[in-house]
Amino acid sequence: MRKTKSYSQKELLKEVITRGQAYADAGADGFFVPALTDASLIRELCDTCPLPINIMMMSGCPSIRELANLGVARISHGPGPFRAAMELIKKNCTALYGG
């Protein structure tokens with residue numbers, strides 16, 4: 001069995017910042033960074049990367065207001081709201097029509 005090293009968000013931030021600069025150099029107009037949830041790292045990324053930052057809202061993320069204050073330009077919600085809506089529909093249909 002091969003062992004893999006897991007990296008913390010802090011350890012990966014330098015690579016993320018380097019990649020953001022490369023995207024900017026290539027002409028990108030934004031930088032999407034899913035799964036980054038640590039407020040101090042989000043601020044560092046926003047302060048360092050020349051592109052507007054897009055963060056995906058998920059469990060453990062700062063609030064929308066705090067993300068905006070950290071410098072995040074765009075917030076994505078991914079499939080979370082759709083999945084929650086589908087679960088609610090499923091629950092209601094099961095209650096109405098039986099399981």
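The basis for the numbers below is simple: all heavy atoms, side chains too, and nothing from hydrogens, waters or symmetry mates.
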Review point. Got a sec, which pairs hit side chain to side chain donor-acceptor pair (under 3.5 Å) with one end in residues 42-52, sequence neighbours left out?
Key: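 Every pair satisfying side chain to side chain donor-acceptor pair (under 3.5 Å) with a residue in residues 42-52: K10-E44.
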Atom pairs and distances, donor-acceptor, side-chain atoms in residues 60-84, under 3.5 Å, two or more places apart:
{"unit_1": "S63", "atom_1": "OG", "unit_2": "E66", "atom_2": "N", "d": "3.1"}
{"unit_1": "N69", "atom_1": "ND2", "unit_2": "R65", "atom_2": "O", "d": "3.4"}
{"unit_1": "S76", "atom_1": "OG", "unit_2": "N54", "atom_2": "OD1", "d": "3.0"}
{"unit_1": "S76", "atom_1": "OG", "unit_2": "N54", "atom_2": "ND2", "d": "3.2"}

Check your understanding: Rounded to the nearest 0.5 Å, how far apart are CG of L36 and CE of M58?
Key ->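 Those atoms lie 9.5 Å apart.
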Exercise for review: Might you confirm whether atom CG of N92 has over 12 heavy atoms from other residues, nucleotides or ligands at distances under 6.0 Å?
Suggested key: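 Enclosed: over 12 neighbouring heavy atoms sit under 6.0 Å from CG of N92.
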Point to revise | Transitive ILVMFWY side-chain link I55 to M57, under 4.5 Å | key: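 The answer is yes; both residues are in one hydrophobic cluster.
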**Study point:** Transitive ILVMFWY side-chain link I42 to L51, under 4.5 Å
**Key:** yes
**Study point:** Selection residues 86-95 - residue pairs positive for salt bridge (charged side-chain N to carboxylate O under 4.0 Å, His left out), sequence neighbours left out
**Key:**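 Pairs touching residues 86-95 that pass the test: none.
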Study note, to complete from the structure: Residue set satisfying side chain to side chain contact (heavy atoms under 4.5 Å, CB included) with D38, at least two apart, ordered chain then number -> Q9, S40, L41
Practice item. Can you sort out the partners of I89 under side chain to side chain contact (heavy atoms under 4.5 Å, CB included), two or more places apart, ordered by chain and number? Key: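 Once residues adjacent in sequence are excluded, the partners of I89 under the side chain to side chain contact (heavy atoms under 4.5 Å, CB included) criterion are M86, C93.
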Distance-only check: which donor-acceptor pairs under 3.5 Å involve side-chain atoms of residues 17-25, not counting sequence neighbours?
{"unit_1": "T18", "atom_1": "OG1", "unit_2": "K14", "atom_2": "O", "d": "3.0"}
{"unit_1": "R19", "atom_1": "NH2", "unit_2": "E15", "atom_2": "OE2", "d": "3.2"}
{"unit_1": "Q21", "atom_1": "NE2", "unit_2": "D25", "atom_2": "OD1", "d": "2.9"}

